[in-house]
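Worksheet: one structure, shown below.
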There are 2 protein chains.
Amino acid sequence: MAEDYSQESLKKHKELKGKLEVNVKAHLKNAHDLSIYYTPGVAAPCLEIAQNKELAYDYTIKGSTVAIISDGSRVLGLGNIGAEAGLPVMEGKAMLLKELANVNAFPIMVKSQKAEDIIQVVENIAPSFGAINLEDIETPKAFQVWEQLQNIGIPVFHDDQQGTAITVRAALTNALKVVGKEWPNLKIVMTGAGAAGLAVAKFLSCLGHDRNVCLAPKELIIFDAKGPLNSLRMDLNPWQQELLQNIQPKNFTGTLKDAMKNADVFIGLSAPGIVSKEMIQSMNKNAIVFALANPVPEIMPEEALKAGAKIVASGRSDSINQVNNSLAFPAVFKGLLQARAKKYTKEIELVAAQALAEYVKKPDENHILPDRLDKKAVDYVAEKIAEAIQKEQLE
Amino acid sequence: MAEDYSQESLKKHKELKGKLEVNVKAHLKNAHDLSIYYTPGVAAPCLEIAQNKELAYDYTIKGSTVAIISDGSRVLGLGNIGAEAGLPVMEGKAMLLKELANVNAFPIMVKSQKAEDIIQVVENIAPSFGAINLEDIETPKAFQVWEQLQNIGIPVFHDDQQGTAITVRAALTNALKVVGKEWPNLKIVMTGAGAAGLAVAKFLSCLGHDRNVCLAPKELIIFDAKGPLNSLRMDLNPWQQELLQNIQPKNFTGTLKDAMKNADVFIGLSAPGIVSKEMIQSMNKNAIVFALANPVPEIMPEEALKAGAKIVASGRSDSINQVNNSLAFPAVFKGLLQARAKKYTKEIELVAAQALAEYVKKPDENHILPDRLDKKAVDYVAEKIAEAIQKEQLE
């Protein structure tokens, strides 16, 4: 599919020479303007902020600006293409933030691909920004980077993890409404235990959440390339082990085909074509199939439907129910900035997923998520997030 | 003077909530636009750049964007106010770059004030930028940071050093034309041996320059707070020592009053009020006095004129001949980006100073520099810089 767009994309990118620009909000028309926005007048806001750092949100770009950070180590499906080559994607993310959420975002590509260097850079550049969006950093490094940045005084969000988890949970929430199934009875099978897969599995199983507000499935079986995660495996990383502690069953040793029998939900964040018609046919009635590998899904949507799935979603823009982070992260950042949040929390994650789901008033088989360019959906979700944070701050 | 503007400045800054915004150059109106500027089409420029990093200048913001870096350790005359509090000034610098040179600039405040951390951050964020502007970092740390960043693949300019040096050399070049004096006969006295003072003295004495193209004065005596730099002093830092190797006399031990006798030029980048009428009166005929301490100069311009100085300049916007970096750094960055320069060099510095001087067709006592909001001056200097770099690249 990329082929169809590549020539036009190269041409347009070359014409623009960068998709972003930094503009001034007030023009410097004369010496008086210089004296107000620059010297000597600018000393006044500087001194105010020196007394109270919180005032940076009032007087500077901090409160309206997000840094998009990537080392280019796992960009789209292109692999480790490096800092410079990842820049067009990060500029694209900044475009989405601006166009959908009116959030200013600046892409910072990090040359070093060492976790400690990325952490050092983000900690040090935090003063200019209201929030950080980590993007396209390979796992498990991405987990380590994200975790170690949770207490730097501004929220740090990892789109591949939290953005995907929010979007998938919202989509599944609405799919369950359509088919009339309840979380506590569900059997979910997943493929892919990288950044996105693990984050989705953690959120679906309510890891770290208050179980009174976050509903989890009865069973969740998750596969990586070597098979199902289970307590017999010695090769799991700490994040996979943590997940396994939180789900049932812990000792499943069968194949994907075995797991799919009587499953209610399949979620793929893995590799093209690994799910067969027969597997879909072996699922429970009213099966929900999210085949999200990009650009080629685990099973093509039309095939899954033919095999009897009730609700089908993919990452493809040419199919029904496109599941794409592009609604989640703009809304999250808009909400975080609006509330001047100092940290990203599990509560925010749940509010975001619930709001994104409930924005779709009457979900049906073909409409479990808002349109990916729906700015009203972004505003709705952002408002709910900001409200929740402000409520929390007041308590 | 700052007092007059502070209330209006606070009000305006609060209304704007940041003086900059990041905008998109192309809007995302529909799914097709997303496919071109974002996935899947964006993979095409990514893959091109992965093959050849130089293409980042064609396809991304790199070639049009400057990072303004500061740790807030020496902001204006406010001292070490820290990263957040320095942000309004750096936003102001970015405004000047945009308004005068149409260069996109983004301010990155660095939390750590350790030289090695600042260096690490700049090296690592370089892939997103075409050039780096260091600002308001205390000395001698600033020298170390600047020197160690000279080979990171993009030009690194330290405005307090190079910006001031270019502006002062241009101003002095035209002042000499007005009074009809020649470089090889000059006696120059300077006060201030911090970032700006040392950089000016190095440039005026042609340190590191080709002596066939850079003209130096016969004598240059420079004072810091402890007295004149000379070979008897044991407390000079390596940068002061380097300068001393390059100037005559090396053994001057007198006072400022002694030094000023028969001087042709005084340049102050030091402290308010340290120069008296009598000192000006003791200078040679057609004396040139640049009293650049801000906001209160070494001697007030009108006082220096009354005492017989022929040409007087200060940093004040309310006096004749305002000497301010605001024309130099926008022109330099515009020229560097236009030529896709990989390094900042002495040749660029000299071309910039000469072009800034020669832009003023007929300098007189009251007009030795262009108006500080003159965009044509910026364009002229930028063009000369770009031509020089491109000529160099071809050779």
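Chain A is the first sequence line, chain B the second, and so forth, proteins listed ahead of strands; every chain is numbered from 1. Computed from a predicted structure; not experimentally measured.
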Proximity breakdown for A:L10 and chain B, heavy-atom pairs closer than 4.5 Å: both
Looking at [options], which makes the most heavy-atom pairs under 4.5 Å with chain A?
options: B:K12, B:K111, B:M109, B:E99; result: B:E99
options: B:G77, B:G92, B:P88, B:G63; result: B:P88
options: B:A67, B:P127, B:A44; result: B:P127
options: B:A105, B:G82, B:A83, B:A56; result: B:A105
options: B:E15, B:K11, B:R372; result: B:R372

Can any side-chain N or O of [X] pair as donor or acceptor with the backbone N or O of [Y] at less than 3.5 Å?
X: A:T60; Y: B:L87; answer: no
X: B:K19; Y: A:V24; answer: no
X: A:N124; Y: B:S112; answer: yes
X: A:N104; Y: B:E21; answer: no

Residue pair A:P40 / B:Y5: nearest heavy atoms and the distance that separates them: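 Here A:P40 and B:Y5 meet closest at CG-CD1, 3.6 Å.
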Heavy-atom closest pair, residues B:A85 and A:A50: CB-N, 3.5 Å
B:Y59 and A:H13 aromatic ring geometry - parallel, tilted or perpendicular at 30°/60° bounds: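 A:H13 vs B:Y59 ring planes: perpendicular.
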Quick check for you: among [options], which has the greatest number of heavy-atom pairs under 4.5 Å with chain B?
options: A:D58, A:L78, A:V121; value: A:D58
options: A:K62, A:K17, A:E48, A:Q51; value: A:K17
options: A:I49, A:L96, A:L20, A:I81; value: A:L20
options: A:L76, A:V103, A:L97, A:T65; value: A:L76

Do [X] and [Y] have side-chain heavy atoms sitting under 4.5 Å apart?
X: A:P107; Y: B:I61; answer: yes
X: A:N23; Y: B:K98; answer: yes
X: A:I108; Y: B:F129; answer: yes

Pairs flagged by salt bridge (Lys or Arg N to Asp or Glu O under 4.0 Å) wherever residues 118-133 of chain A is involved - sequence neighbours left out: none
Selection residues 87-96 of chain B - residue pairs positive for salt bridge (Lys or Arg N to Asp or Glu O under 4.0 Å), sequence neighbours left out: B:K93-B:E135, B:K93-B:D159
Flag if over 12 foreign heavy atoms under 6.0 Å of NZ, A:K53: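 Result for NZ/A:K53: open.
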Members of residues 25-38 of chain B whose heavy atoms come closer than 4.5 Å to chain A: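 Interface residues of residues 25-38 of chain B: B:K25, B:A26, B:H27, B:L28, B:K29, B:N30, B:A31, B:H32, B:L34, B:S35, B:I36, B:Y37, B:Y38.
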side-chain hydrogen bond (donor to acceptor under 3.5 Å, both in side chains) partners for A:S314, two or more places apart: A:S319
